[in-house]
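Numbers restart at 1 for each chain; the letters A, B, ... are given by sequence-line order, proteins then strands.
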Amino acid sequence: MTARIDIAGITRRYGDALALSGVSLTIEAGEYCVLLGPSGCGKTTLLNIIGGFADPTGGRLTIGGRDMVGVPAAKRPTTTVFQDYALFPHMTLIDNVGFGLRMRGIGRAARNAKAQEMLYLVGLKGADRKKPSELSGGQRQRVALARALAVDPDVLLLDEPLGALDLNLRRSMQEELKAIQRRVGATFVHVTHDQEEAMAIADRIVVMNAGKIEDQGPPERVYREPATRFVAAFLGETNFVPATVRQGRLHSPLGDLGLTTAPEETALTVCVRPEHVGPGRGAPGRVKVIETVFQGVHRRVRVAPEAAPDLHLQALLPVGMDAAPGDTLDLRIDTSHVTLLPAGTA
Amino acid sequence: MTRFAISAAYMAVLYAFIFLPVAVLVLFSFQDGRFPIPPFQGFTLKWHLEVLSDEELMVALRNSLLVAFGSSALALALGFLAARGLATSELPLARTIRAALTAPLSVSYLVIGLGLLASLNLAGVGLSLWTVAIGHVVINAPLCFAICTAAIGPAQQQAERAARDLGAGEWAVMRFVTAPMIMPALVAAFLLSVTFSWDEFIIAFLLSRFDVTLPVEIWSLLRSGLNPKTNAVGSLVFLISALAFLAFELSARRR
């Protein structure tokens with residue numbers, strides 16, 4: 001069971017505040033879509049609108065071709081894994097998981113069988129008779145997932161589902177979520193503010209900011225070629241270097257940043273990921289180390305290039321390479337991995 | 001040591017002050033004599049048996065139980081529905097509505113009784129056990145509403161949201177999620193209402209005519225003077241109140 005979601009020009013107003021302004025998005029059937037953005041960007045509002053917990057002020061929403069505006073949550077082909085799990089504390093796990101089937105008039109034997117299968121799917125075999133209060137946070141999360149999946153929804157909505165878990169558990173749950181999604185085949189829409197989680201799990205990342213979609217696409221594309229400066233800064237870290245095109249080359253305060261096909265004399269912003277600044281000869285050349293942080297897999301340094309001392313750069317150096325504040329190094333930007341954006345606020 | 005003695009004495013006096021009247025009442029219901037006053041002349045069950053064989057008292061007792069359980073069930077239903085409705089929907093005047101629903105708790109029973117009497121006269125409704133029950137719903141519904149409102153918090157609202165998401169209609173949400181989640185509060189509200197209705201006198205007196213509740217019947221017994229029989233029936237009232245209160249305590253402690 002799976003369905004495509006079409007969102008066209010959805011707007012949501014709360015009094016004077018505009019939580020969503022004209023959001024349009026198509027999520028393909030069976031896709032794992034992650035809505036990513038800082039708090040207050042409208043991602044949860046969008047999820048609530050898809051799930052039927054909030055009505056859009058304007059715009060259209062269809063799931064599997066059916067118009068959903070005005071349809072109550074109970075009648076939608078969607079179920080939700082809530083941020084706080086919202087398990088029923090007075091019911092055993094099997095009754096929690098079987099609740100949706102009970103509401104659909106399925107008999108006890110059939111729904112218990114299905115609930116057991118779902119508890120097995122999420123790795124909670126044999127815990128049928130426990131109450132939610134006997135479980136750890138991670139286990140409750142799994143029950144919430146099993147409960148939402150038990151009714152074979154076309155679309156599963158996940159509202160910051162891993163937010164309350166510790167880092168290790170979060171990473172392993174990410175893999176499991178992805179594997180479960182592959183197995184059940186439903187369309188998953190997952191809200192988070194954790195970029196790493198989004199990149200690890202998504203088929204499609206939708207980056208939102210201030211009620212609008214900034215960029216969307218496969219994680220690698222969104223990370224490597226961000227559509228806007230906001231996306232470049234929000235998904236990982238980016239150095240922004242101003243540049244101008246002269247004779248088909250990018251001229252920046254740091255030096256020549258390579259060939260470009262952009263029109264002559266346009267002012268651009270070059271986005272450079274810290275991992276693409278490494279030891280070597282070229283732009284920016286000689287730099288002075290200001291700050292270093294040892295991070296295990298690499299050493300993060302902040303440097304001031306001699307060519308433009310005010311334009312600090314972040315770089316990731318191999319751990320074997322010594323760098324202490326005050327040292328001078330020769331660094332080079334790998335220009336084959338930079339992204340060009342129009343100069344200015346964008 | 002003396003401090004302990006003083007504390008203990010203080011406590012003994014305090015409890016005596018609270019429970020002595022009841023103890024005296026119960027004791028003299030066993031009085032083998034014509035008057036429930038000292039000295040205690042010996043032990044007999046005569047008065048208790050007389051109470052149990054008194055047709056009018058037994059009818060009044062049955063009436064009281066009917067009114068207590070019936071009006072409490074209705075008061076609880078109304079209070080619960082109002083509390084849930086206000087917790088679930090975002091009404092513009094929710095605070096005001098909530099205040100207006102709990103305010104009657106501070107109005108004296110005499111005023112409520114007189115008001116209802118006037119209203120019923122105006123509406124041309126004759127006095128009966130039904131009107132007594134209405135009066136008791138009026139005093140107990142705000143109590144049930146207050147207890148239910150306190151019990152419904154974010155946890156209930158989140159669970160209700162999840163239930164709706166899984167396909168539950170409003171009736172199913174209430175039946176399978178909200179009510180079971182706040183069951184201890186519902187039981188407590190019901191039992192408290194029962195005890196309040198059970199020994200309520202003024203409203204029952206003002207709003208009844210031929211069929212009366214036990215407190216009203218006892219009051220008319222008292223007009224013909226004290227005798228151990230009134231003590232016996234008082235003991236009976238106390239016993240039932242105490243049982244209801246005990247049930248309330250037990251239900252409250254389970255959580």
Side-chain angles (χ1 to χ4, degrees), chain A residues 14-15 44 47-48 50-55 71-92 95-106 111 114-115 118 131-133 140 143-153 155-159 161, chain B residues 76-77 80-81 83-96 144 147-191 250-255:
Chain A
Y14 289 104
T44 301
L47 195 80
N48 283 340
I50 299 174
F53 298 110
D55 291 322
V71 177
K75 299 246 188 295
R76 295 191 183 201
T78 59
T79 51
T80 309
V81 176
F82 294 95
Q83 188 171 8
D84 42 49
Y85 315 145
L87 299 179
F88 306 127
H90 58 290
M91 294 183 196
T92 57
D95 287 344
N96 261 282
V97 176
F99 186 83
L101 297 168
R102 187 176 183 187
M103 292 302 111
R104 282 159 179 72
I106 312 282
R111 67 174 192 256
K114 176 80 179 180
M118 285 297 134
K131 291 274 186 81
S133 58
R140 285 180 207 188
V143 176
L145 182 64
R147 184 178 68 176
L149 286 173
V151 295
D152 289 327
V155 175
L156 184 76
L157 307 173
L158 303 108
D159 185 6
Chain B
L76 180 65
F80 170 69
L81 289 174
R84 210 192 84 91
L86 279 170
T88 307
S89 55
E90 288 158 20
L91 289 174
L93 290 172
R95 267 165 172 269
T96 318
C144 292
I147 293 175
C148 291
T149 295
I152 298 176
Q156 280 72 33
Q157 284 158 327
Q158 281 152 8
E160 287 184 358
R161 193 169 119 122
R164 266 179 229 121
D165 184 55
L166 291 165
E170 283 311 296
W171 174 247
V173 169
M174 266 193 277
R175 176 156 176 240
F176 296 118
V177 178
T178 325
M181 273 179 88
I182 64 163
M183 190 47 83
L186 295 180
V187 172
F190 180 76
L191 291 173
L250 287 176
S251 76
R253 199 163 303 171
R254 245 195 342 201
R255 255 291 150 97

If every non-hydrogen atom of [X] is compared with every non-hydrogen atom of [Y], which pair is closest and at what distance?
{"X": "A/Arg104", "Y": "B/Leu166", "value": "NH1-O, 2.7 Å"}
{"X": "A/Ala86", "Y": "B/Ala162", "value": "O-CB, 3.7 Å"}
{"X": "A/Ala74", "Y": "B/Ala168", "value": "CB-O, 3.9 Å"}

Quick check for you: to the nearest 0.5 Å, what is the distance between [X] atom [atom1] and [Y] atom [atom2]?
{"X": "A/His90", "Y": "B/Ile182", "atom1": "NE2", "atom2": "CD1", "value": "11.0 Å"}
{"X": "B/Asp165", "Y": "A/Phe99", "atom1": "CG", "atom2": "CZ", "value": "10.5 Å"}
{"X": "B/Gln156", "Y": "A/Phe88", "atom1": "CD", "atom2": "CZ", "value": "12.0 Å"}

Please flag which part of B/Ala155 lies under 4.5 Å from any non-hydrogen atom of chain A: side chain, backbone, both or neither. neither
Is any side-chain heavy atom of [X] closer than 4.5 Å to a side-chain heavy atom of [Y]?
{"X": "A/Met103", "Y": "B/Phe176", "value": "yes"}
{"X": "A/Phe82", "Y": "B/Arg161", "value": "yes"}
{"X": "A/Pro72", "Y": "B/Arg164", "value": "no"}

Applying a strict 4.5 Å limit to non-hydrogen atoms, the region of A/Tyr85 in contact with chain B is neither
Side chain, backbone, both or neither: which part of A/Arg76 has a non-hydrogen atom closer than 4.5 Å to chain B? neither
